[in-house]
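Below you'll find the structure, written out as structure tokens, and then a few comments.
What you are looking at is a predicted structure, and each value in this text was computed from that prediction instead of being measured. Values reported hereafter were calculated over all heavy atoms of this structure, with side chains retained and with hydrogens, waters and symmetry mates removed.
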Amino acid sequence: MGTLTFEQAYELFREMVIAGDKAGADLIVVETMTDLYEAKAAVLAAKENTSLPVFATMSFEADGRTFTGCTAEAAVRTLEGLGVDAVGLNCSLGPRQLAPLVKEIAACTALPVIVKPNAGLPDPVTGAYDVSPEEFAQDMRLCLENGAAIIGGCCGTKPDYIRALAEMAKDAAVVPHGERAGDGCVCTPTRTVHTDGVRVIGERINPTGKKRFQQALLENDLDYIVDVAVQEMDAGADILDVNVGYPGVDEVAMLPRVVKALQAAVPLPLQLDSSNPEALAAGLRVYNGKAAVNSVNGKEEVLRAILPSVKKYGAAVVGLTLDENGIPDTAQQRLAIARRILDAALAQGIRRADVWIDCLTLTVSAQQQQAEETLRAVQLVHDELGLSTVLGVSNISFGLPMRPLMTQTFLVRAMDKGLNLPIINPNQKEMMDAVAAFRVLSGEDEGSRDYIARFADAQPAAPLKPGASSAMGLQEAVSRGLCAEAVRAAKAALVPGQELALVEDQLIPALDKVGQDYEAGRAFLPQLLGAAQAAEGVFGVIKDSLAKNGGERIRKGRLAIATVQGDIHDIGKNIVRTVLENYGYEVIDLGKDVAPEIICDCAEKENLALVGLSALMTTTLPAMEETVRRLKQLPHPPRVFVGGAVVTADWAEKMGADDYARDARQAVEIARRVLG
């Protein structure tokens, strides 16, 4: 979310773990992580450059997500897949608040579960924590009952806390856990898709037969590919198949670029579709979460080339029921290949639930009898092996008139035989309607709730033409964080002389919507920053128009922000700056560890009406209070708002600040009140 790339983070972590290993470390602990992508970089660095055991813990908020929106299950599924030796959580809250999350984590894994809570919450004035050693130990009983195996303390805990904890736990046994550990799933940090029902894999991110997509690959037009992904997500896809293989395209370089672009824009898990082992390894390495790989087959050399990467990066894998002899004619022969693929995957240490089998759809117009063999093979794999099944459904109707009718009919029959991962075009309403109806009939859609929601107010819709753009408006593009699309929409909508109207009527409402979703827990920090970055692109268009047409710069007002003296943490301050700037305010960013006199000099020299102060550590709250006091002594004192992880509304009032900003959204509201 800043200037540090995944690859740079990996290199920095690599330097740390090599040094620690050489110095005699016994264990590597990756802890207090809020960003799953950063945690992955650290774990990979540890696993690839040392032979030490690795523990990994994330820090979760009271809503059960990390600061960046990552869920407990997504963190566990991803980190376990990367090969950590124990997984869990630390910091942020006390043991009583973390106990439910311990239970959630323990249900997802058979690994030892770690919990290291804080000693409750700190008093912002004194810095003292509100849970005693005795209370801490007693509250930790619930964490043990919920499956914790490795226990300790984080902020506010001291040796007497650990002594009390050891005494309480000396006769305790680890509670058996991992009831969902064998479930099949793929995930991103914010969304986990389980394979225990029908889940739609979108097929449109694929150049086969798509001239516009082929052109996008050759021209490195990632915005078009992202646009296709957004369309599939909006149409109801659960997982997106991603294939960038085309003559003239460097697939090893292109696949990771596309993966990064897609995961920045859509929250859906990805299925990386390639026969190139190097491209798959490159894509899996930069994927944030647990991906699927499509595909291997029954050929020994293919299994040897691809399965190690699947295991290393903790992915699921699709196995095609073909081998050196091609596609077998009979369902039993396809089942035999499926067994061979399963055995090879299990031998690599890949979980059974992470093996998906594609029994292969052949064109009914050319091989009519094979339709029934495919359906029989799906049922055999489902019944005898108990594996998830995949089919590229639309292949069935190639060369026939009324293709949607044939495809839909085959899809319904296949789902009835056990197909749960159909690869289809989700923008074909007939296909998604069939899935919705089947989910009711199979009992998956309890009470027909999703079906009713889909059709209660249904209106006929024209199908999306192949290669067509979603042509979304400016507000939607900004709210989705699609910078290139937002810039295009802004250029189309901009009328010279009406730049301010575009900002007020479209740009600001779009940012407001994302802010409201963020407050309501429907969007998370990456979406908030993505929208701000898209808005930044729109402001570039507006500034160019003003300069070209002789208009005045749009300027709502100026303010200064700073992280106070003694505190070097500035991510919160940087987020506030980015969001404020993209609401049109001019922000003087004084940086971090800023002395009170520097902040006061700036406020006086620039005649500022508003100043914002940030602190992350309780030890720097006195510096914040001193800065507020000095600002209020100026001849023309500015209004002062404060925020940061350790700051509360009560503490803001006690130190004499005028306003408290819990997050960037509230900082915008304060700026509106003060600056207009």
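- In this structure the side chain of Leu262 reaches within 4.5 angstrom of the side chain of Val226, judged on heavy atoms.
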Worked check of side chain to side chain donor-acceptor pair (under 3.5 Å) between Arg334 and Thr321
CA-CA 5 Å; Arg334 295 185 202 183; Thr321 53; 4.9 Å; no
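- Of all the heavy atoms in Gln263 and Asn288, the pair that sits closest is OE1-N, 3.0 Å.
- Residues Cys359 and Val381 form a side-chain contact, since some pair of their non-hydrogen atoms from C-beta on lies under 4.5 Å apart.
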Criterion salt bridge (charged side-chain N to carboxylate O under 4.0 Å, His left out) on Asp227 and Arg212, from CA distance to verdict
CA-CA 12 Å; Asp227 188 53; Arg212 178 64 186 91; over 6 Å; no
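- Sparse packing is recorded around CD of Glu15, with 12 or fewer heavy atoms of other residues, nucleotides or ligands lying under 6.0 Å away.
- Summarising the geometry of Ala331 relative to Arg376, their closest heavy-atom pair is CB-CB, 3.7 Å, with the distance given to 0.1 Å.
- The side chain to side chain donor-acceptor pair (under 3.5 Å) test with Asn427 singles out one residue from Glu232, Glu203, Gln231, Arg204, and that residue is Arg204.
- For the pair Val286/Tyr37, a side-chain contact is recorded, criterion being any heavy-atom separation below 4.5 Å from C-beta on.
- Nearest heavy-atom pair across Asp183 and Arg77 is O-NH1, 3.6 Å.
- Val198 and Glu444 get closest at one heavy-atom pair: N-OE1, 3.0 Å.
- For Lys290 (side chain) and Gly81 (main-chain N/O), no donor-acceptor pair under 3.5 Å exists by modelled atom type.
- Under the 3.5 Å distance criterion, the side-chain polar atoms of Glu31 are left unmatched by any main-chain donor or acceptor of Thr57.
- Listed here is the closest heavy atom pair of Ser274 and Leu280: O-CD1, 3.5 Å.
- Residue-environment remark: CZ (Phe398) stays at or below the threshold of 12 foreign heavy atoms within 6.0 Å.
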Can you list the steps and then say if Glu73 with His194 is a side-chain contact (heavy atoms from CB on, under 4.5 Å)?
CA-CA 11 Å; Glu73 180 172 14; His194 291 271; 2.8 Å; yes
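- One finds no salt bridge joining Glu80 and Arg180 here, because no Lys/Arg side-chain nitrogen approaches an Asp/Glu carboxylate oxygen to under 4.0 Å.
- In this structure, Leu52 CG and Lys47 NZ are separated by 10.0 Å, a value rounded to the nearest 0.5 Å.
- Rounded to the nearest 0.5 angstrom, Ile357 CD1 and Leu421 CG are separated by 11.5 Å.
- Side chain of Asp85 to main chain of Phe55: no donor-acceptor pair is present (N/O by atom type, distance under 3.5 Å, no hydrogens or angles).
- Atoms OG1 and CD1, from Thr361 and Ile327 in turn, are 9.5 Å apart once rounded to the nearest 0.5 Å.
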Name every donor-acceptor pair, under 3.5 Å, that has one atom in a side chain of residues 304-315 and the other anywhere in the protein, sequence neighbours excluded.
from   : atom 1 : to     : atom 2 : distance (Å)
Lys311 : NZ     : Gly349 : O      : 3.2
Lys312 : NZ     : Glu48  : OE2    : 2.6
Tyr313 : OH     : Arg285 : NH1    : 2.9

Could you go step by step and tell me if Val435 and Leu411 meet the side-chain contact (heavy atoms from CB on, under 4.5 Å) rule?
CA-CA 8 Å; Val435 171; Leu411 171 63; 4.1 Å; yes
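- Not a single donor-acceptor pair under 3.5 Å links the side chain of Ser397 to the backbone N or O of Leu400.
- Of the possible donor and acceptor atoms, none in the side chain of Thr34 sits under 3.5 Å from a partner among the backbone N and O of Phe67.
- Between Leu419 atom CG and Ser388 atom OG the span is 9.5 Å, to the nearest 0.5 Å.
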Could you check Val355 against Leu385 for side-chain contact (heavy atoms from CB on, under 4.5 Å), going step by step and ending with a plain yes or no?
CA-CA 10 Å; Val355 180; Leu385 300 183; over 6 Å; no
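- At a threshold of 4.5 Å between non-hydrogen side-chain atoms, the residues Phe13 and Glu38 count as touching.
- Taken to the nearest 0.5 Å, the CG atom of Leu387 stands 12.0 Å off from the CG atom of Leu380.
- For the residue pair Arg439 and Val200, the shortest heavy atom distance occurs at NH2-N, 4.3 Å.
- In this structure, Asp221 and Gln215 have side chains that are not in contact, with every pair of non-hydrogen atoms separated by 4.5 Å or more.
- Between Leu360 and Leu320, the closest side-chain pair of non-hydrogen atoms falls below 4.5 Å.
- Between Phe410 and Val364 the shortest side-chain heavy-atom distance does not fall below 4.5 Å.
- For the residue pair Thr363/Ser365, the side-chain donor-acceptor check at 3.5 Å is not satisfied.
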Checking salt bridge (charged side-chain N to carboxylate O under 4.0 Å, His left out) for the pair Glu372/Arg413: CA distance, chi angles, key distance, verdict?
CA-CA 10 Å; Glu372 283 299 319; Arg413 291 202 64 202; 2.4 Å; yes
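- Environment of CD in Glu384: crowded, with over 12 heavy atoms of neighbouring residues, nucleotides or ligands closer than 6.0 Å.
- Expressed to the nearest 0.5 Å, how far CZ of Phe524 lies from CG of Asp517 amounts to 10.0 Å.
- Of the possible polar contacts, one joining the Gln408 side chain to the Glu430 backbone as a donor-acceptor pair under 3.5 Å is found.
- Side chain of Thr389 to main chain of His382: no donor-acceptor pair is present (N/O by atom type, distance under 3.5 Å, no hydrogens or angles).
- Contact check for Asn420 versus Arg199: no side-chain heavy atoms found under the 4.5 Å cut-off.
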Audit row: Ile205, Phe213, side-chain contact (heavy atoms from CB on, under 4.5 Å) steps and yes/no:
CA-CA 8 Å; Ile205 305 177; Phe213 198 99; 3.6 Å; yes
